[in-house]
Amino acid sequence: MKSEIIAVGSEMLTPFRQDTNSLYLTEQLNGIGVIVAFKTIVGDRRKDLIGVVRTALARADILILMGGLGPTEDDLTREAVAEALSLTIRRDATQVAALHTRAAAFRITMPPNNLKQADVLDGATVLPNPNGSAPGQWLDITFSGFRKLVMLLPGPPHECAPLFDAECLPRLRGIAPQRVIAVRTLKAAMIPESQADKLLAPIYSTYADIETTLLAHTGDLQITLICSKSSLLAAQARVDELAERIEVALEDWFYSSQGDTLEQIVLYYLGLRQATLAVAESCTGGLIAQRITSVPGASRSFLGGAVVYSDALKTSFAGVPAELIARHGAVSAEVAKALADGIRARTGATIGLGVTGIAGPTGATESKPVGLVYVAVSDAQGADAQGTHAIDRIFRGDRQRVREWASQLALDLVRRRLM
């Protein structure tokens, strides 16, 4: 069965509020084998609401509307659904009494417009809301010859989630076909999305029963596999089979088969090798250390490091010779390698990581543009015959984006060194 979640409220079409209910509802629906095919956000305009409901009725079996059940003039969900379905609305005496009882319990005078929350669509089952004044409503109807399940839920998350769990999920379990959804999340680092899709499309396109999505963000590629079957064993077997083929195709770019973060994987390898890491960061300003220390238990493998933004601190904290900086510039392969070597020596870490670059928007020269980053990794053996190895990349975007790219590259180089 296909479902559509409709979040109602003009405030969610501004930069200041966002719909979070749909994330929770999607998880619950997937748990009983129901696919969420569409999510819609619509403002508090009756004509728009009616149009959205009619569109959803034409393409989904299950409609869940959240919000717009309050007492004010712009709470129009009940009216819009009634018009879209050609239903009448009645004022429910039981709900009127419940509203008066609730107001008395709080020792407040109930304004007359609150009675609007007792309006119920003809044929709907009222869903009690112990956490608020607006009850939910459940409709099991036939529309254009097809069975449709329509739920009207209050918008506040502390009302929406408990009501859905208590009143809607049990009903859906009794109606929805016995289906189970298996989900697998794979991750790869520093491979362009287009290149990944060129490698993977010939593979995943042969699995018509699996929905495959690729999502790239600042050097991190997330591949999500979703399969719905009559049993978890069958669904899991299919996604696992495809996951194994994707892992082989991505080779060294691939780093996680279960949705782990890159920093989690780095710490896993450090623990496996009984190794430790220290960092000397310039342009990333502590972002690498922040990512690593966000993982519980990081202290077992991460010693720490230094944010060496000025040339003086590069020398005093990481032991970079002042003449090296003068000769090559603070943003250079030579300084990145000296940072990695120096911080490793100062802390006694197994591996040292050095990062320097130009995050922008100022500080660039003709030979060193904004976005230029050097990253070096140092260990006792060195990366090759020349010793500590450094690589450079130019990342496009604003200051924060350059820093995020640089931190991703740095962590990925440590991962590769430990593999």
Side-chain angles (χ1 to χ4, degrees), residues 187-190 218-220 252-256 258-309 313-320 330-357 359 373-384 386-393 395 402-419:
K187 289 191 174 183
M190 302 308 295
T218 54
D220 202 56
D252 288 348
W253 285 298
F254 181 87
Y255 73 82
S256 174
Q258 297 295 341
D260 303 292
T261 64
L262 185 54
E263 45 269 32
Q264 285 176 310
I265 295 299
V266 166
L267 286 166
Y268 167 77
Y269 276 124
L270 285 167
L272 193 66
R273 304 282 185 260
Q274 295 186 321
T276 54
L277 173 68
V279 301
E281 303 183 58
S282 182
C283 65
T284 47
L287 181 57
I288 298 168
Q290 186 276 325
R291 288 181 61 175
I292 294 172
T293 55
S294 69
V295 180
S299 61
R300 289 191 292 268
S301 302
F302 183 62
L303 300 185
V307 177
V308 286
Y309 218 61
L313 289 190
K314 288 179 176 66
T315 298
S316 59
F317 283 9
V320 180
V331 179
S332 62
E334 291 78 7
V335 167
K337 289 191 285 187
L339 287 170
D341 287 334
I343 201 67
R344 182 173 65 84
R346 290 291 174 93
T347 61
T350 313
I351 294 175
L353 176 63
V355 184
T356 183
V373 173
Y374 290 91
V375 179
V377 179
S378 168
D379 60 25
Q381 287 74 40
D384 49 36
Q386 285 72 47
T388 303
H389 183 54
I391 68 168
D392 63 278
R393 294 287 186 274
F395 298 123
V402 170
R403 295 173 71 243
E404 289 174 357
W405 271 102
S407 73
Q408 185 76 359
L409 173 63
L411 288 170
D412 191 50
L413 289 178
V414 174
R415 174 187 72 91
R416 289 171 178 267
R417 179 66 63 92
L418 292 165
M419 286 175 60

Just so I know, are the side chains of Leu339 and Val320 near enough to count as touching, which here means a heavy-atom distance under 4.5 Å? yes
Ser332: which residues meet the side-chain hydrogen bond (donor to acceptor under 3.5 Å, both in side chains) condition with it, sequence neighbours left out? none
Gap separating the CZ atom of Arg416 from the OH atom of Tyr269, nearest 0.5 angstrom: 11.0 Å
Heavy-atom pair with the smallest gap, counting every atom of Gln408 and Gly219: NE2-O, 3.3 Å
Quick one: list whatever passes side-chain hydrogen bond (donor to acceptor under 3.5 Å, both in side chains) with Glu334, sequence neighbours left out. none
Walk me through whether Thr276 and Thr347 qualify under side-chain contact (heavy atoms from CB on, under 4.5 Å). CA-CA 10 Å; Thr276 54; Thr347 61; over 6 Å; no
Is the closest side-chain heavy-atom distance between Val335 and Tyr374 below 4.5 Å? no
Restricting to non-hydrogen atoms, name the atom on Ala340 and the atom on Thr388 that form the minimum distance, rounded to 0.1 Å. CB-CG2, 4.3 Å
Report the residues that fulfil side-chain hydrogen bond (donor to acceptor under 3.5 Å, both in side chains) with Thr218, sequence neighbours left out, ordered by chain and then residue number. none
I need the minimum non-hydrogen distance between Leu418 and Ala275, along with the two atoms involved. CD2-CB, 4.4 Å
Starting at CD1 of Ile288, measure out to CD of Glu281 and round the result to the nearest 0.5 Å. 4.0 Å
What pairs with Arg415 under side-chain hydrogen bond (donor to acceptor under 3.5 Å, both in side chains), at least two apart in sequence or on another chain? Asp412
So how far is it from Leu411 CG to Ile265 CD1, rounded to the nearest 0.5 Å? 11.5 Å
Qualifying residues under salt bridge (Lys or Arg N to Asp or Glu O under 4.0 Å), relative to Glu404, sequence neighbours excluded: none
Does some side-chain heavy atom of Leu262 sit less than 4.5 Å from a side-chain heavy atom of Lys187? no
Test side-chain contact (heavy atoms from CB on, under 4.5 Å) on Tyr268 and Val295 and set out the steps. CA-CA 11 Å; Tyr268 167 77; Val295 180; over 6 Å; no
Of all heavy-atom pairs between Ser282 and Lys314, which one has the smallest distance, and what is that distance? OG-NZ, 3.2 Å
Could you check whether any side-chain heavy atom of Arg291 comes within less than 4.5 Å of a side-chain heavy atom of Thr261, counting everything from C-beta outward? no
So, using side chain to side chain contact (heavy atoms under 4.5 Å, CB included) as the criterion, who are the partners of Ala359 when residues are at least two apart? Arg399, Val402, Arg403
Taking side chain as C-beta onward, heavy atoms only, is Ile343 less than 4.5 Å from Val308? no
Give me the atom names and distance for the closest heavy-atom approach of Ala318 to Ala280. CB-CB, 4.4 Å
Run the side-chain contact (heavy atoms from CB on, under 4.5 Å) test on Val355 and Val279 for me, step by step, so that the C-alpha distance in whole Å, both residues' side-chain angles and the decisive distance to 0.1 Å come before the verdict. CA-CA 8 Å; Val355 184; Val279 301; over 6 Å; no
Which atom names give the shortest non-hydrogen contact between Glu263 and Ser294, and what distance separates them? OE2-OG, 4.3 Å
In Å, rounded to the nearest 0.5 Å, how long is the span from CD1 of Ile351 to CG of Leu413? 11.0 Å
Residue from Leu353, Leu267, Val377 passing side chain to side chain contact (heavy atoms under 4.5 Å, CB included) with Leu277: Leu353
Steps toward side-chain contact (heavy atoms from CB on, under 4.5 Å) verdict (Thr293, Phe302): CA-CA 8 Å; Thr293 55; Phe302 183 62; 3.7 Å; yes
